[in-house]
Amino acid sequence: MTDRIESPPGMTWTPRTEDVESSNLATLMQVAGVQSYTDLHRWTVDSRDAFWAEVIDALAISFAEGPTAIRETTDVEQPGWLPGATMNIVASCLDHDPDAIAIVAPGDDGVERVTVDELRRDVAAFAAGLELAGCRVGSRVAIAMPMTVEAVVAYLAIAALGGVVVSIADSFAPDEIATRFAITEPVVVVTQDVAYRSGRELPMYTKVLQAEAPRAIVVDTGADMDLRDGDLWWHECQVPGAQLDPVSVPAGAHTNVLFSSGTTGEPKAIPWTHTTPIKAAMDGRYHHDIRAGDVVAWPTNLGWMMGPWLIYAALLNEATIALYPDAPTTRSFVEYVGEAGVTMLGTVPSIVSAWRTSDALRAGDWLALRVISSTGEASNVEDYRWLMETTGVPVIEYCGGTEVGGGYITSTVVEQIAPSRFTTPALGIDFVLLDGDGGASDVGEVYLIGPSIGLSTELLNRNHHDVYFAGTPDHHRGPLRRHGDQIQRLSDGRFRTLGRVDDTMNLGGIKVSSAEIEDAAATVTGVVEVAAIAVPPPEGGPDRLVLFVVLDDDAAIDSALSDLQQAIRSQLNPLFKVHDVVTVDALPRTASQKVMRRVLRDEYA
């Protein structure tokens, strides 16, 4: 057991009685017949089937054929959610008021608005075009582009066909895109000619071609370029007047493949099914208090799980998606959030730090805002105290993963919130913290206690059991699922995250394996060996990338630092920044020659 530490002094936000009583959680408490959030969470874990049945009813999830039960078995690894059901989640996304606003986005004359009826029309037109292009039930179609209206249309159209979206971040280098193509073998990729960010023109179509893309459908933003033979412009893949009739498939059919790096170079390919969005929408409804008519913004893209999460958390709760494909750190973004009437805003700590440093966000900017949420990386206490004081609204700390379909630890709008602190496991799921010997600890590795809708049950390129269940400690509450985060329970019962316990790191909200970083760094002339670690800054906040390198006798550290930074940005992601390079004579290794990165982390600390 490690000594507990206190939460930061001073409670930044306390809910008002009227806010608690009007929350979605209060309604769920009434249904469950409980008086406190603690009792509610316990009900959702002890009565999982009743809880998920209530969620499905509250979200008005529609079925072509209803399930015979909520789950088929009590098996934690393979529970078989909604056996016998046939459905298409897109039907539930677009079955409400046709005149309601489904999407808002920046336009030439202010804020552009797309109604539910207009979105249905656009999804139908593109789905019909994809059919003509040869896409069928089960076809995999990649999307590699910023989070625009067209990206959302494409995403929903692919799912409506019974197809499978392959999510690829627009920031990836060609080699990373090619890796994801090789794993999933999509028949088509949807992209755009170029992307614009912070006034710069960035290649998109060129990158996917360098990745040896399959047939491409390209959104035209006005760049002057010709397409490869067989590729189509977006407008050529539309069938005006087509009717939307989402194809019903088994509830467990794949609808999306997302990627999350493990401890080897190749990323894990994680399928989402037509049930996974229920988890995302549940988190949005109860932990983020998203209500019908709300406007939900989260600067993201479809290559990160928060892209699909945003689509489902908004539309399944009859709310509006607010898109902003440019940099969210500017005053222009702050003004857009106000003009769009955003009520729930998602962010990551590096964005908050930029707002604070640049004075982009000021008191009174966001009058409609009711809730902020933060995920992706560890947050900074002072930044988040400033954020809550400036906006006057709570910040929901939210942490989970692609393989969770949402969060496993969070906070809520019905509890007092301290900056950078979690308050509770997410509804319908629980966890324990265990030390290296498998004993209970206040500082330990997270092991999830399932089952829960949203938790993955298969991987395309790994053995799911080996990754998540093999070798986990025995526990009296049943089989434990490995997650890999390290959490500390504080003296007041709250939690703070300490990052990953394995060799996966989280850089700017993007998970990447140490192997991927090291492979890129090893291409630099003069680098003999390299080990990559992530370390949290002493004051809290996003992890920093530190490289331990063995250089040959002729290499200079100053030039190596520049070359290492360039190699990582060009080969992996331009957002990755090297914080420090440490030269060593040799890397510490085990008897089997594995690099002991934990030793390096301890030495650096």
Side-chain angles (χ1 to χ4, degrees), residues 101-114 145-153 169-171 192-204 219-223 294-304 306-307 310-311 314 319-377 379-380 383-384 386-393 395 508-510 542 573-575 577:
I101 304 301
I103 301 175
V104 296
D108 294 335
D109 300 315
V111 177
E112 172 190 354
R113 291 176 169 82
V114 179
M145 61 188 296
M147 191 77 168
T148 62
V149 173
E150 290 87 354
V152 175
V153 168
D170 59 350
S171 61
Q192 64 187 51
D193 49 9
V194 296
Y196 297 93
R197 195 170 181 89
S198 300
R200 294 182 298 147
E201 182 179 290
L202 305 173
M204 281 305 310
V219 175
D220 183 1
T221 68
D294 275 352
V295 180
V296 184
W298 205 307
T300 184
N301 67 75
L302 292 173
W304 185 29
M306 296 311 298
L310 173 62
I311 293 173
T320 300
I321 304 166
L323 302 175
Y324 192 84
D326 206 342
T329 54
T330 63
R331 179 67 187 169
S332 296
F333 173 78
V334 170
E335 293 174 346
Y336 167 75
V337 169
E339 293 168 4
V342 171
T343 56
M344 204 296 287
L345 173 65
T347 188
V348 296
S350 55
I351 294 175
V352 176
S353 178
W355 291 337
R356 185 183 181 194
T357 302
S358 65
D359 195 32
L361 173 62
R362 302 153 199 167
D365 280 334
W366 294 336
L367 299 179
L369 195 65
R370 198 175 71 247
V371 180
I372 299 173
S373 184
S374 177
T375 194
E377 54 193 11
S379 58
N380 178 280
D383 283 349
Y384 275 55
W386 166 84
L387 181 60
M388 285 194 273
E389 289 173 350
T390 301
T391 62
V393 301
V395 176
I510 300 170
N573 194 309
L575 302 179
K577 179 182 179 181

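Index from 1, following the sequence. Only a predicted model underlies this, so the values are computations on that prediction, with no experimental measurement involved.
- Contact between Pro299 and Trp304 at its shortest, heavy atoms only, is O-CZ3, 4.4 Å.
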Per-pair distances, 0.1 Å, donor-acceptor, side chain in residues 332-345, under 3.5 Å, sequence neighbours excluded:
| residue | atom | partner | partner atom | Å |
| --- | --- | --- | --- | --- |
| Glu335 | OE2 | Arg331 | NE | 3.4 |
| Tyr336 | OH | Val104 | O | 3.2 |
| Tyr336 | OH | Leu323 | O | 2.8 |
| Thr343 | OG1 | Asp294 | OD1 | 3.4 |
| Thr343 | OG1 | Val295 | N | 3.0 |
| Thr343 | OG1 | Val295 | O | 3.1 |

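- With sequence neighbours excluded, the residues forming a side chain to side chain contact (heavy atoms under 4.5 Å, CB included) with Thr148 are Met145, Pro146, Glu150, Ala151, Gln192, Pro325, listed by chain and number.
- Here Ser374 pairs with Tyr384 under the side chain to side chain donor-acceptor pair (under 3.5 Å) rule; sequence neighbours left out.
- Without hydrogens or angle criteria, Ser198 side chain to Ala327 main chain gives no donor-acceptor distance under 3.5 Å.
- Between Leu302 and Ile311, some side-chain heavy-atom pair lies under the 4.5 Å cut-off.
- Among residues two or more places apart in sequence or in another chain, the side chain to side chain donor-acceptor pair (under 3.5 Å) test is passed with Asp193 by Thr221.
- The OG1 atom of Thr391 lies 11.5 Å from the CG atom of Leu367; values are rounded to the nearest 0.5 Å.
- Side chains of Leu310 and Met147 form a contact here, defined as non-hydrogen atoms less than 4.5 Å apart.
- Residues passing the side chain to side chain contact (heavy atoms under 4.5 Å, CB included) test with Pro574, sequence neighbours excluded: Ser171.
- Put simply, CG on Leu575 and NZ on Lys577 are 12.0 Å apart, with the number rounded to the nearest 0.5 Å.
- The two residues Thr375 and Val348 come nearest to each other via the heavy atoms O-CG1, 3.2 Å.
- Counting heavy atoms from C-beta on, the side chains of Val393 and Trp366 never come closer than 4.5 Å.
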Verdict with reasoning, Trp355 to Asp365, per side chain to side chain contact (heavy atoms under 4.5 Å, CB included)
CA-CA 12 Å; Trp355 291 337; Asp365 280 334; over 6 Å; no

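- In plain terms, the two heavy atoms of Val296 and Ala319 that are nearest each other are CG2-CB, 4.1 Å.
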Determine all donor-acceptor pairs shorter than 3.5 Å in which one atom belongs to a side chain in residues 356-364; sequence neighbours excluded.
| residue | atom | partner | partner atom | Å |
| --- | --- | --- | --- | --- |
| Arg356 | NH1 | Asp383 | OD1 | 2.8 |
| Thr357 | OG1 | Ser353 | O | 2.9 |
| Ser358 | OG | Ala354 | O | 2.7 |
| Ser358 | OG | Ala360 | N | 3.4 |
| Arg362 | NE | Asp359 | O | 3.2 |

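- Asp326 places a side-chain heavy atom less than 4.5 Å from the side chain of Arg197.
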